[in-house]
Structure formats: structure tokens, C-alpha cells
Amino acid sequence: MNNFEVAAFFKKMASLLEFRGENPFRIKAYEKAARNIKSLDEELSAYYDQKGRVPKIPGVGQATKEKVAEILDTGTFREYEETVADIPPGILDILDIPGIGPKTAKLFYERLDVTSVDDLVKAAEQHRIRRLPRMGPGKEENILRSVQRYLENSERKRTPLATAVPIVELIREELNACPCIKELIDAGSLRRRKDTLGDINLLALSDNPEETLDCFANLSDITEVIDKNNDFCSVVYRGEVRIDLRIVPEESFGSFLQYYTGSKKHNRHLQYLALQRGYILNEYGFTNTEADDTIRCEEEKQVYDFLGIDYPVPELREDRGEIEAGMQNRLPELIEIGDIKGDLHVHSTWSDGKNTIEELALDARERGYEYIAITDHSPSTAIANGLSDKRLMEHAREVEKADENIDGIRILSGTECDIRSNGKLDYSNRLLENLDIVIAAVHAGLEQQEKTMTKRMVAALEDEHVDILAHPTGRKFGKRGAYDFDLEKVFQTALDNDKILEINSSPKRLDLNDTHARIAKEMGIKVAINTDTHRLDNFNNIRYGVDVARRAWLEPKDVVNTRKLKDIESLLGI
DNA sequence: GCCGTTTTCGGCCCGACTGTTTTCAGTCG
């Protein structure tokens, strides 16, 4: 159980208590505990395993500490379970809908007898909501829209790549103890580095398939074995993620790897090409339709060689033109992590970051970066301790000082400036023009209608001080989709005004996503891959941003922060 | 439920945005 999961219990608990109308300060205390647990640097479970107690955390007193221990021991806590049991189950779903908080859920429950999402939809459609106090037609409409989006999201519950990767690392470590496994290889969407995974696909070479699959089925944290036979086993990890392991024969390892990497569409296209040449292509290799004789590929590349296609890396295999490009020797030279020369979106202790400007700079230098931009929040994002005008000026001076004191890396002064709901920026021109870099971002008023939101974003992109639009579509995994806005218009505005669009590497965002980043590239819009770092280890998330970029066919030249310091400076007009 | 005391009980309590109001409640990051 990680900190986010522990924090989620307390956040949820706060909602439930608010729904029941309990002491607001007790509710606040739970919210605060959740916030502080989420922003801890070390993993509670690791600390607890090692020391047998819960560390001191601000806002977490004795009572909550005991609950944390209970969660780590048992996966839940008694009071939470009792509270949940006391509330109609459908209410829990309603509380998950963005825009509907505990107070609103309570109102609907008490006045309209709404105890499920279904009830809620009916109440809205029958216009019963608009008659409630402080409700009206606009509210009713917004609620219907939120519910619709919520239902769409919950239908396709996929696992974010950044959740899957650590799980696979743990499994890999545990399976190391199993001597019969010769090699364990990622396959499927995991290998293609898709941002979310339906399930995790692994392949293994083994001398003893039976024993290997037994090892696998008995891993800790496996909560269910769905299917198991001679060369295949499918399990559920912690009741959430499905993981398939398949033992593959060495003589056709390449064919298997290619086949189980997919995607389905990519494979279907290859199968069509094979058939034109008189072969059936499947996981065993190419089978001659007449002679019934199979060519097994030991190496994956042989599959492509056989069809006369340059080898496409897994990230490209979506049948979005990579097969045609491979046939014409014009596959892109994709960007790699090593190409990244700096990070243009970093938060320090001045707003909601965990590290000082110096710590960030030294760590970035250690990573071989030539530059970073310190881009703390603006006043509108108050909960993140956004910088007032006065503090912004002090901040810039502090950055300048650090830049003078630390050799080997350039530290740029910047801001992640809120785009207010009316399209105005959170700082005046006078302040913005003193900064090296200005990132603009939408953080509030996310439910605006398409026209308003588009206008708002366009206005920001037309501002001469703005360099980058951060997390342009606003999506967050498991939370909400993109803002309602005209993507084409916003992208065109970015192009016309020579602005940079961000691929935000934060695992909960990955925004732009691969298709949007590809559109940006094709339109000729510059892209930056940033981590939005709030603490040092967030710098590691760059891998996920680069994954997105690679899936979007981006080459080093498409990404501004592959440029050397002096080129980035001239690009930013410093 | 937490915290910090002129120390064990009283105060805690961001601010923009939205859709309602006719001065504000609820949600969110």
C-alpha cells in the first residue's frame, strides 16, 4: 500500500463524515492528514515495515496514526468500514463524480431520495434538481454532463503505465528467486509503453514451465488465479490488475514476442501482408499456406525482415503508419531519455515543492542537465502557496543568486502562471517580462463550456509573455478527462504564436498524450517534455514523458528541451 | 481530530470559480 492509497482512505473518510454532517473541524483534520500523507517523501509502508511504527507526520495525531497502522496491517480501518456500512452504497459512487461533493450528495439524498447514480440521472432528467435551494437549470445540466463523463470513465478502467511499471519491477524481483526462469520479458501494451494498460502481459523463457507458473501463481499480493495451464497463467494482483504470464518456446521466441507485443491492429496489418506472400503469420511464425511448413523466428527482427519492413520499436506499433514507413525506410529516429538536456517545469519550496532551488539545481546537474527552470505557482493556486507579486520578485532574485552560486547548470527564473477563468494571466505584464520563462496553465474553473474554455486558452497563448502551455488538455487518470475545448483552434493558436506545448510527464497526467503530441508534431508545433517536479525523485518521471513522445513519433528536433543551453536561451529570448 | 499553549481545552478556517443568489454555499486544487 503506497502513501496515495493510505491518503485516499482519509480523504474518503472526510467526505463520508461531511455527508453525515459531522464536526467540520474533524473533517478538516482528516483532509489535512490526507494531504500531508500524500506529500510525504518516504513511503509509510517501508518505514512501518522497518521500524514497526508510524513516523511523525504534521496533522496526523495519535488517533490517525493508529488508523494508519491499521490500514498498513489490514488494508483498511474499522471506523472507515463502519462508516461506509452506514451509508447507502450508491452514495459512494455519487461522491466520486467530479463537481458533486458531500453537501450536494446529502441534499439530493435528503430532499430527492437519491441513493444511486441512476437515481441522480433520473432526478436531473425530470428537472427535480433545479427546484432545490441554490440549484438551477445550469447546475442541473452540469451535473448531467459530469455524470456522463464519470460513467464513460468508469467503463474503461485501465491501469496507468506508471502504476504497472513498479508492480512489474516487484514481480521481477520476486521471480528472480525462482531458478527455473531464464528470462522474463515485457510484452503487450506495457512493452509498447502505452499510457494505460488493460492488463499486464509478460513472457518467459524457462526450462521448467510448470514450476515457473507455480512460482508465479504463488507470488505475494496475487489475490486470484483466473486461469492456469501448461504454458500460461493469468492472475489478479491485489484485486485490481490482471497479469498474464506465458512461457514461450526458444525456437520461436521472436515470433512470440512480436505477436504478444501487438498491437492487435499492427498485427492484423502484418498478417495481411504475410498472406499476400502466401503465409499465415501467428505467434509460431510464418506458415506456408501450401506446403504447411513454418518459419519460426528466433529474433523478433526476423519477422519484420521477412516482410521487408524496417524494425519498428514497440512504441510505434499501433498501425498508425509505421508499417508503411518501415517499408519505405523512413521510420523516425525517436527521441531518447539521453537527448533531454533540461527541465522547464519545476516547483520549489517557494510554492508546493519539497526541495529548495539549490537542491533541485544540484540534482538536475547530477543528471547531466544543462538547465532547469524554477516555475512556482501563481497566487490563484492558493493551496499550493502560490507566489504573491512581491514574493515572485524575491523568488526571481533568489533564483538569480542560486544561478550565480552554482556552477555547471543554468537556473532559469520562471512561473507556472494561472490562466484565470476570463483568460487573463495571474500576474501583470510588468512582472512577467522580468522572468526568463513563463508557463501558463489552467488550474481552476475546469468545468467551463467549450467556447469559454477555448477563448480562455487562446487568450493565454496570444499573450506575448507566455512561452509554454502546461498540461494542455487537463486530463488526469482516474479523475477526469480533458477540458471541454476546441483542440484544433488552441493548437493552431499555439502554432501561429510560436508557443510551446508541454508533454507533462507526471504519471497522473501524461498530457499531451501520444495522439495529441503527434498532431502537434504534424502541425509543426514545438513541444517540451517536462516533469512538473515537486520533489527530487519526480525528475525520474521524464521516462514516462519520453514514452509518450516516442509513441507520438517525436524526434529530438521536435522537442525544445533537447536543445543546448544557448539555443534554449535564444529560443526564450533571454 | 490536531495542535500548542501565557499548556489539556478552545481555536482551527486558503481563495478562485461557479451558479445561484441579492450576498453566498459548495467544490476544487
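Every chain is numbered from 1 and lettered A, B, ... according to where its sequence line falls, protein lines coming before strand lines.
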Roughly how many Å apart are [M] and [N], using the [atom1] atom of each and rounding to a whole number?
N: dA16(B); M: dG11(B); atom1: C1'; result: 26 Å
N: dT6(B); M: dG1(B); atom1: C1'; result: 24 Å
N: dC28(B); M: dT23(B); atom1: P; result: 26 Å
N: dG10(B); M: dC14(B); atom1: P; result: 22 Å
N: dT20(B); M: dC9(B); atom1: P; result: 46 Å
N: dC13(B); M: dC17(B); atom1: P; result: 23 Å
N: dT22(B); M: dC12(B); atom1: P; result: 30 Å

How many angstroms lie between [atom1] in [X] and [atom2] in [Y], if you round to the nearest 0.5 Å?
X: Ser116(A); Y: Tyr109(A); atom1: OG; atom2: OH; result: 12.0 Å
X: Lys38(A); Y: Asn2(A); atom1: NZ; atom2: CG; result: 11.5 Å
X: Thr163(A); Y: Lys508(A); atom1: OG1; atom2: NZ; result: 12.0 Å

Students often get this wrong, so: under 4.0 angstrom with heavy atoms, is [X] touching a base, only sugar-phosphate, or nothing?
X: Pro379(A); answer: nothing
X: Pro24(A); answer: nothing
X: Gln62(A); answer: sugar-phosphate
X: Asn385(A); answer: nothing

Pairs satisfying salt bridge (Lys or Arg N to Asp or Glu O under 4.0 Å), at least one member in residues 439-452 of chain A, at least two apart |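 Only Arg149(A)-Glu447(A) qualify under salt bridge (Lys or Arg N to Asp or Glu O under 4.0 Å).
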
Atom [atom1] of [X] to atom [atom2] of [N]: distance rounded to whole Å?
X: Glu447(A); N: dG19(B); atom1: CD; atom2: P; answer: 9 Å
X: Phe77(A); N: dG1(B); atom1: CZ; atom2: P; answer: 9 Å
X: Tyr80(A); N: dG1(B); atom1: OH; atom2: C1'; answer: 18 Å
X: Tyr427(A); N: dA16(B); atom1: OH; atom2: P; answer: 13 Å
X: Asp352(A); N: dC14(B); atom1: CG; atom2: P; answer: 17 Å
X: Asn422(A); N: dC17(B); atom1: CG; atom2: P; answer: 7 Å
X: Lys32(A); N: dC14(B); atom1: NZ; atom2: P; answer: 12 Å
X: Asn23(A); N: dC3(B); atom1: CG; atom2: C1'; answer: 15 Å

Sorted by number, the residues of residues 63-75 of chain A with heavy-atom contact under 4.0 Å to DNA chain B =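 Those residues whose heavy atoms fall under 4.0 Å from DNA chain B, taken from residues 63-75 of chain A in numerical order, are Ala63(A), Thr64(A), Lys67(A).
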
Any side-chain N or O of Asn142(A) less than 4.0 Å from the OP1 or OP2 oxygen of dG19(B)?
->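 So the side-chain polar atoms of Asn142(A) do come within 4.0 Å of the phosphate oxygens OP1 or OP2 of dG19(B), strictly under.
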
Stacking here means centres under 5.5 Å and planes under 30°; does Phe25(A) stack on dC13(B)?
->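 Stacking is absent between dC13(B) and Phe25(A), given that the ring centres and planes do not meet under 5.5 Å and under 30°.
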
Look through every strand shown and name the nucleotide pairing with dC28(B) as Watson-Crick or G-U wobble, where both distances are under 3.5 Å.
->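 Base partner found: dG15(B).
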
Any donor and acceptor pair, going by atom type alone, linking the side chain of [X] with main-chain N or O of [Y] inside 3.5 Å?
X: Asn3(A); Y: Glu42(A); result: yes
X: Arg78(A); Y: Glu70(A); result: no
X: Asp511(A); Y: Asn504(A); result: no

Run the ring-centre check on His443(A) versus His471(A) and record whether the distance is less than 6.0 Å.
->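 Aromatic pair counts; centres sit under 6.0 Å.
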
Aromatic contact, Phe77(A) with Phe10(A) (centres under 6.0 Å) =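 Under 6.0 Å, so yes.
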
What do the steps show when you test Phe4(A) against Phe9(A) for ring pair (Phe, Tyr, Trp, His ring centres under 6.0 Å), and what is the final call?
-> CA-CA 9 Å; Phe4(A) 285 88; Phe9(A) 271 103; over 10 Å; no

Its contact letters, B for base, S for sugar-phosphate only and - for none at protein heavy atoms under 4.0 Å, make nucleotides 21-29 of chain B read ---BSSSSB

Toward the 5' end of DNA chain B, by each residue's nearest nucleotide, Gln449(A) or Glu79(A) |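 Result of the comparison: Glu79(A).
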
Would you name the heavy atoms of Arg193(A) and Arg551(A) that are closest together and state the gap between them?
->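 For Arg193(A) versus Arg551(A), the nearest heavy atoms are O-CD, 3.0 Å.
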
